[in-house]
Protein chains: 2
Amino acid sequence: MSTATVSRALASPDQVSPELRARVQAAVAKLGYTPNAAARQLRIKRSRTALVVTRRRWSAPFFAEVLRGLDEEFSAAGYAMVLGNVDEDGGERSRQLVDMMFSGTIDGAVLLSGRVAAADGRTMFEAGLPLVSLCAAIEGTHTILTDEGECIARGARELLRLGHRNFLYLPGPSDNYNEQVRWAALAEVFASASTDATVSRAEQCDFSLAAGVAAARDFLSMKQRPTAVIAVSDENAIGFLQTVQEAGVGVPHDVSVLGFDGIEFADFCRPTLSTIRQPRLELGRAGARILLKAIESGPPLSLSREILPNELQFRGSTGPVCET
Amino acid sequence: MSTATVSRALASPDQVSPELRARVQAAVAKLGYTPNAAARQLRIKRSRTALVVTRRRWSAPFFAEVLRGLDEEFSAAGYAMVLGNVDEDGGERSRQLVDMMFSGTIDGAVLLSGRVAAADGRTMFEAGLPLVSLCAAIEGTHTILTDEGECIARGARELLRLGHRNFLYLPGPSDNYNEQVRWAALAEVFASASTDATVSRAEQCDFSLAAGVAAARDFLSMKQRPTAVIAVSDENAIGFLQTVQEAGVGVPHDVSVLGFDGIEFADFCRPTLSTIRQPRLELGRAGARILLKAIESGPPLSLSREILPNELQFRGSTGPVCET
DNA sequence: TTGTATGCGTTATCAT
DNA sequence: ATGATAACGCATACAA
C-alpha cells in the first residue's frame with residue numbers, strides 16, 4: 001500500500017475501492033495516523049487558516065460575540081483561526097501580521113482593527129490574499145458594515161420627537177471610523193433646518209465605562225443640563241447612567257440616555273438601557289462566510305459590500321422631556 | 001548565491017560574512033521575500049503556534065483579558081495563537097482540535113476549557129505536546145490556578161464577622177471545576193463548628209446575568225430572606241443586585257452581595273460591587289510563559305503548578321447586617 | 001483502481 | 001564562509 005494510496009483514500013474516499021478505503025480507515029484508526037499539516041500546506045499552498053486582526057480598543061462584550069460568530073463559521077468549514085492584536089501600527093506586531101500574510105501561514109484575514117497593518121513598507125494588501133473588513137470601510141477589502149449612521153440619526157430624531165432640545169453626545173476617539181460615521185450622522189440631523197435643537201460633545205472620548213463616568217461629572221457641573229444623552233457605546237452610556245443616578249439625577253425623568261451596541265449588560269441596567277443593537281454574532285458569521293467564499297473562489301472577482309441592520313431599542317433609559 | 005546561503009543569512013546572521021549578510025538583506029528588502037512557513041515547519045517540525053482552547057461558558061469580560069495576556073506573551077515570543085472553541089465534547093469540533101495536536105500545526109496548547117478534548121478515542125494528551133491548564137486542575141498538564149477557595153472562604157468569614165447568619169450562594173454549573181472548588185470552600189466554612197450560620201444554594205446555576213436575575217426573583221419571594229449573598233461570578237452578582245434593588249431591597253442595607261472575578265463592570269455598579277478580583281491579565285501571561293518554556297525545553301521534565309493570588313475587595317455592596 | 005515518481009521550499013549535513 | 005545536496009511528508013501527474 002503506497003503513500004499515494006493512503007493520501008487518496010483519505011482525501012477523496014470516493015475515488016478508491018470500498019475495500020481499500022475500509023482497509024485504510026482501519027489502519028489509520030489503529031495507528032492513530034494524522035496527516036502532517038505542514039507537508040500538505042507546502043504541497044497545495046493552502047493552510048485552511050484565517051487570520052483575525054483585533055484591537056484592544058474594542059469592548060470585550062462586543063468583540064467576544066463577533067469572535068464567536070467567526071469561530072462558528074470557520075470551524076464549520078474546517079478552518080483554523082489565528083488571532084492577532086495590533087494596538088499601534090508600524091511596530092513589531094504589525095510586522096508579524098504582515099509576514100503571516102506573505103509566508104503562506106494564512107489564506108486570508110478578517111480585520112476588526114479598522115485598518116490594514118503595514119510594516120517595512122509592505123502592507124497586508126500586497127500579499128494578494130482576500131481581506132474582509134468588519135465595521136469599517138477599507139478600500140480594497142470586502143466590507144461588512146452596519147447602518148450605524150442611519151440608526152443613530154433615527155435615535156436622535158426619536159428623542160427630538162419626545163421633546164428634547166438640548167443634547168449631549170459622548171464621542172469615541174476621533175480617529176475611529178465608527179465615531180466618525182456616527183457623529184457625522186448626528187451632526188446632520190441637528191444641522192437640518194427643521195429644528196432648533198443643539199448638541200454638544202463631551203470631552204472624554206473613548207469607548208470605556210470610565211469615559212462615561214467622566215462625562216457624567218462634567219454633565220453634573222453644567223448649569224443648563226442637557227436632557228438627552230447619546231453615547232457612542234453602551235459602556236459610555238452605562239458609566240454615565242450610573243454616575244448621574246448616584247448624584248440624584250433621575251433617568252429618564254431628568255435625562256434620557258441612549259447607548260450603542262446592545263451588549264448584554266445594557267439589558268440589566270436600571271433602568272434598562274435604550275440602545276442601538278448591533279448584530280454582533282451575525283457580523284462575525286457574515287465576515288467569515290465572505291472570507292471563505294473569497295478564498296475558495298480564487299482571484300478577487302469583485303469586492304463585496306454588505307450592510308447589516310442594527311435595531312434601535314428604546315427602553316427604560318429614554319422618555320419624553322419633563323418640564324420641571 | 002544558493003538557497004542555503006540565504007537561509008543561513010536570515011536565520012543565523014552572525015554565521016555569515018557581514019558582506020554577504022548585507023547583500024542578502026538588500027535582496028530580501030528589494031524583492032519582498034518572505035520565507036515559506038509551511039516548508040520551514042516541515043523541516044524543523046515546529047510551527048511556533050500555540051492553540052488556545054476556550055468554552056462559550058466563560059464570561060466575555062473575564063475571558064477577553066486573559067486572552068490579551070496570552071496574546072502579549074505569545075506575540076512577544078514570535079508565536080501565533082490559534083483559537084478554538086469547544087462547547088460540547090466528542091463532536092466534530094473536538095476532533096478538529098485533537099487533530100491539530102497530532103498534525104503538527106501547533107506546538108502546544110493552553111486550555112481555558114477546563115478539560116482535555118477527546119475524539120475518536122484519542123485525547124489531546126496523546127499527541128505528546130505540552131499542555132497548560134488555566135483556572136482548572138487537570139492531571140498531566142502544567143496548571144495555573146488561583147486561590148479561589150481561600151478567598152471565597154475569607155469573604156464568607158468576613159461577612160460572618162459583619163454579623164450575617166443567613167447566607168445565599170449563587171452557584172455555577174455543578175460540573176464546573178471552579179464552582180466545585182468555591183462551593184467546597186464555602187461549605188467548609190459553614191460546617192466548621194464555630195458558627196450557627198447557614199447557607200442555602202440558589203437553583204439557577206450558570207455564570208450569566210440572567211441566572212442572577214432568576215435567583216433574585218426566588219430571593220424576593222422568600223419569607224426569611226438571607227442577608228448575605230455570595231455569587232460564583234460578577235455577572236450573577238450584578239444581575240441579582242440590579243433586580244433586588246429594583247424591587248426596593250437596599251444594598252447593602254438589606255442584603256450584602258459579594259461577586260467573583262473583578263470584571264470592569266463591577267467597578268461601575270451602584271453600589272460598587274464587592275468582589276474577588278482575579279488576576280486575569282496575569283493568568284494569561286503566566287499561562288503563555290509556562291507553555292513557551294515547556295515547548296522550548298523539549299521533553300516534559302516536570303509539571304509545574306502555580307497558584308496566583310486573588311484579591312478580596314469589600315466595597316459598596318457589602319456591609320454589616322442591619323437589625324430592622 | 002492502484003502504484004511510482006517528482007516537486008513543493010526549507011534546513012541541516014557535508015564537502016569545498 | 002559558502003555551495004551542493006538530501007530529506008521533511010504530502011499530493012498529483014503519469015504509468016501500469
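Chain naming here is simple, since letters A, B, ... match the order of the sequence lines and numbering starts at 1 in each. Below, each value reflects all heavy atoms present in this structure, side chains not excepted, and no hydrogens, waters or symmetry copies. If you're wondering where the values come from, they're calculated on a predicted model, not measured in any experiment.
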Test B:E73 against B:L291 for side-chain contact (heavy atoms from CB on, under 4.5 Å), laying out the working first.
CA-CA 10 Å; B:E73 293 289 333; B:L291 185 64; over 6 Å; no
OP1 or OP2 of C:dG9 versus the side-chain N and O atoms of A:K45: is any pair under 4.0 Å?
yes
Can you see if the side chain of A:S7 gets near the phosphate of D:dA11 - specifically, an N or O under 4.0 Å from OP1 or OP2?
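Yes, such a contact exists.
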Distance in angstrom units between [X] [atom1] and [N] [atom2], rounded:
X: B:D99; N: D:dC10; atom1: CG; atom2: P; result: 13 Å
X: B:N36; N: D:dC10; atom1: CG; atom2: P; result: 16 Å
X: B:I44; N: D:dC8; atom1: CD1; atom2: P; result: 15 Å
X: A:R40; N: D:dA11; atom1: CZ; atom2: C1'; result: 9 Å
X: B:Q15; N: C:dT13; atom1: CD; atom2: C1'; result: 13 Å
X: A:R21; N: C:dT2; atom1: CZ; atom2: C1'; result: 14 Å
X: B:D14; N: D:dA1; atom1: CG; atom2: C1'; result: 13 Å
X: B:Q41; N: D:dC8; atom1: CD; atom2: P; result: 17 Å

Selected nucleotide, minimal atom distance to B:R43 side chain, candidates C:dT10, D:dG3, C:dG7
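Among C:dT10, D:dG3, C:dG7, the one nearest the side chain of B:R43 is C:dT10.
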B:L42 or B:V16, whichever maps to the more 5' nucleotide of DNA chain D
B:V16
Is any side-chain N of the basic residue among A:D120 and A:R95 closer than 4.0 Å to the acidic one's carboxylate O?
yes
May I ask you to decide whether A:R289 forms a salt bridge with A:E282, counting only side-chain N to carboxylate O separations under 4.0 Å?
yes
Taking any heavy-atom pair under 4.0 Å as a contact, classify A:S17: base, sugar-phosphate, or nothing.
sugar-phosphate
Would B:R68 and A:D87 count as a salt bridge (Lys or Arg N to Asp or Glu O under 4.0 Å) here? Give the steps.
CA-CA 11 Å; B:R68 210 184 106 202; A:D87 285 323; 5.9 Å; no
For a quick check, tell me whether the side chain of B:R8 and the base of D:dG3 share a donor-acceptor pair closer than 3.5 Å.
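For B:R8, whose side chain was compared with the base of D:dG3, there is a donor-acceptor pair (under 3.5 Å).
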First of A:T3 and B:T34 reached from the 5' end of DNA chain C, by closest nucleotide
A:T3
Could you report the tightest heavy-atom contact between B:D99 and A:T34, atom names first, then the distance?
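Heavy atoms of B:D99 and A:T34 come nearest at O-CG2, 3.9 Å.
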